[in-house]
Amino acid sequence: MSDTFQCGDNTALVGYLYDECEPAERAAIVAHTTLCAACAAELAALESARLQLASWTPPEADLGLRVVGARDAGREPQSALGTGSLSPALGVSTRPGAWWSQPLPAWAQAAAACLLFAAGLWLGVVRGITPGASPTVPASGVVTSGAAPAAASRAELAALERRLDAELTELRAAAPQGISGAQMLARVTALLEESEQRQQRELALRTAQMVRDFDSQRQVDLAQIQRNFGQIEGLTGAEIREQREMLNYLMRVSEQP
Amino acid sequence: MGNGPDVPFMTWTDEDLVARSRGGDLDSFNQLILRWERPIYAFAYRVIGREEDARDVCQETFLRAFRSLPGFKGQAKFSSWLYQIAMNLCRDWMRRQRRSRTVQLADGVDPAELASEQGPVESIEDLVSRRELSVAVEEAMALLPEEQRTAIVLKEYHGMTFQEIADLQGCPLSTVKTRLYQGLSVLRRHLEKYGRTPQLVKRL
């Protein structure tokens with residue numbers, strides 16, 4: 001860097017434009033551009049191009065990239081990029097959705113189906129022992145004794161209870177590691193906390209990005225204002241010079257006989 | 001490092017996260033991705049001008065960075081290293097495009113408009129909108145040689161110093177300034193051709 005400026009040194013103007021020049025060179029450029037219209041115009045044109053560039057924003061993209069380990073890789077959607085090699089198997093995947101939007105494990109789906117089936121059966125039985133409530137049991141006539149249907153219903157209920165017990169036992173045996181209600185609750189709580197932390201991190205990052213953008217824009221604006229002031233000062237100086245010249249001229253003319 | 005497990009990720013520096021990632025901590029690397037995926041995507045988009053391809057470049061950048069972590073000794077800033085990978089990938093992409101001999105225009109670029117560069121200038125009324133200006137800038141940037149475009153993108157949108165750009169592009173600092181000057185000059189002329197005069201821009 002030098003403390004002088006050669007007229008037409010456009011790379012030095014670029015240094016000035018991006019505020020990456022020594023203070024002495026900066027002062028030299030400011031002084032020069034107040035006198036040299038060509039360099040001042042060149043600088044203004046470069047600044048104009050920069051202003052136009054500021055309007056160009058890339059489209060928003062929901063990237064959501066993350067690296068997943070081998071254990072998770074089998075469960076989550078893989079990108080087309082394949083797998084890496086640092087850890088046993090790695091890949092880039094999109095972030096998973098919320099825990100409640102994830103598909104349920106097979107054992108949980110089976111449990112839900114069985115519960116629904118059992119509830120349906122139970123409702124059917126209850127309706128069956130209510131006189132007149134079920135289309136399968138005639139409301140009149142055939143029943144001669146009140147105790148017989150009650151006994152039959154109790155027998156059916158006992159059989160149903162045994163069957164449900166057996167099914168639930170099978171289900172518990174089929175479930176991996178027999179996850180209890182408390183464990184399930186803990187897992188859901190952990191997932192919720194993880195989701196909350198992720199959202200907080202995302203929010204903090206977005207905030208930091210906004211602050212950074214704001215700061216950089218402010219710096220650009222300040223630099224622009226400073227340069228504009230410099231130009232205005234230059235223009236004012238030129239006007240004063242013109243006025244002085246005009247005054248001198250008038251004085252010379254007035255002194256002539 | 002000096003950061004315990006209870007310290008939130010966002011207070012860690014890139015170097016901390018890189019060190020932990022090298023130790024096999026995937027969460028740390030994912031945090032680095034979270035920090036840098038948008039800037040890298042924006043860089044790729046502005047250099048190659050296509051949304052889908054920019055996204056692919058972004059993904060590939062992080063995948064390569066992850067694979068190469070053991071070889072990253074911190075000789076440069078992590079972000080500079082990422083930009084270097086992304087820039088190389090963009091160059092590869094452009095080389096492939098040239099080889100395929102198909103003309104790839106940036107999204108939103110009207111080929112007829114480009115073909116009629118010598119044609120009549122659009123009316124000022126049609127130009128007074130920020131969106132149109134953005135498209136015009138994108139078109140003008142697409143016309144620049146890759147080195148000039150990359151230098152402008154790194155300087156204007158990623159705030160790099162001349163020296164950082166010189167290191168990334170592997171050229172002297174004076175060359176960076178020349179590329180910036182030439183690129184800005186071409187942009188200015190191209191935009192003026194479409195009626196994007198400095199006065200008009202200031203009005204927007």
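Computation of the quantities below employed the complete heavy-atom set of this structure, encompassing side-chain atoms and omitting hydrogens, waters and symmetry-equivalent molecules.
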Colleague: With side-chain contact (heavy atoms from CB on, under 4.5 Å) as the criterion, how do R38(B) and E60(A) come out once you've worked through the C-alpha distance, each side chain's angles and the decisive distance to 0.1 Å?
Modeller: CA-CA 9 Å; R38(B) 289 180 199 286; E60(A) 272 297 313; 4.1 Å; yes

Colleague: Could you tell me which portion of L13(A) (side chain, backbone, both or neither) has an atom closer than 4.5 angstrom to a non-hydrogen atom of chain B?
Modeller: neither

Colleague: Measure the shortest side-chain to side-chain distance between E20(A) and K177(B) over non-hydrogen atoms and say whether it is less than 4.5 angstrom.
Modeller: no

Colleague: Please indicate whether Q6(A) has more than 12 foreign heavy atoms, meaning atoms of other residues, nucleotides or ligands, lying under 6.0 Å from its CD.
Modeller: no

Colleague: What option among T161(B), L180(B), I152(B), L32(B) has the most heavy-atom pairs under 4.5 Å with chain A?
Modeller: T161(B)

Colleague: Closest heavy-atom contact between R188(B) and L46(A)?
Modeller: NH1-N, 4.4 Å

Colleague: Mind checking whether Q209(A) and R35(B) have side chains closer than 4.5 Å, heavy atoms only?
Modeller: no

Colleague: Over all heavy atoms of both residues, which pair between V67(A) and N30(B) is shortest? Give the atoms and the distance, please.
Modeller: N-OD1, 2.5 Å

Colleague: Side chain, backbone, both or neither: which part of F29(B) has a heavy atom under 4.5 Å from chain A?
Modeller: side chain

Colleague: Starting at CG of L26(B), measure out to CZ of R66(A) and round the result to the nearest 0.5 Å.
Modeller: 9.0 Å

Colleague: Using non-hydrogen atoms only, which part of R206(A) is less than 4.5 Å away from chain B: side chain, backbone, both, or neither?
Modeller: side chain

Colleague: Go through A49(A), A208(A), P59(A) and name the one with the most non-hydrogen pairs under 4.5 angstrom from chain B.
Modeller: P59(A)

Colleague: Just say parallel, tilted or perpendicular for the rings of Y157(B) and W56(A), cut-offs at 30° and 60°.
Modeller: perpendicular

Colleague: Which region of Q197(A), side chain (C-beta onward) or backbone (N, CA, C, O), has a non-hydrogen atom less than 4.5 Å from a non-hydrogen atom of chain B, or is it both or neither?
Modeller: neither

Colleague: Side chain, backbone, both or neither: which part of Q200(A) has an atom under 4.5 Å from a heavy atom of chain B?
Modeller: neither

Colleague: Which pair of heavy atoms, one from T57(A) and one from S134(B), lies closest together, and at what distance?
Modeller: N-OG, 3.8 Å

Colleague: Starting at CG of L65(A), measure out to CD1 of I40(B) and round the result to the nearest 0.5 Å.
Modeller: 11.0 Å

Colleague: Heavy-atom distances under 4.5 Å only: say whether L205(A) touches chain B with side chain, backbone, both or neither.
Modeller: side chain

Colleague: Does R50(A) reach the side chain of K155(B), with side-chain heavy atoms less than 4.5 Å apart?
Modeller: no

Colleague: Locate the shortest heavy-atom distance separating F162(B) from G15(A); write the atom from each residue and the value.
Modeller: CE1-CA, 3.8 Å

Colleague: I want to check something: taking the side chain as every heavy atom from C-beta on, are Q52(A) and E192(B) in contact at a cut-off of under 4.5 Å?
Modeller: no

Colleague: Counting only heavy atoms closer than 4.5 Å, note whether L184(B) contacts chain A via side chain, backbone, both or neither.
Modeller: both

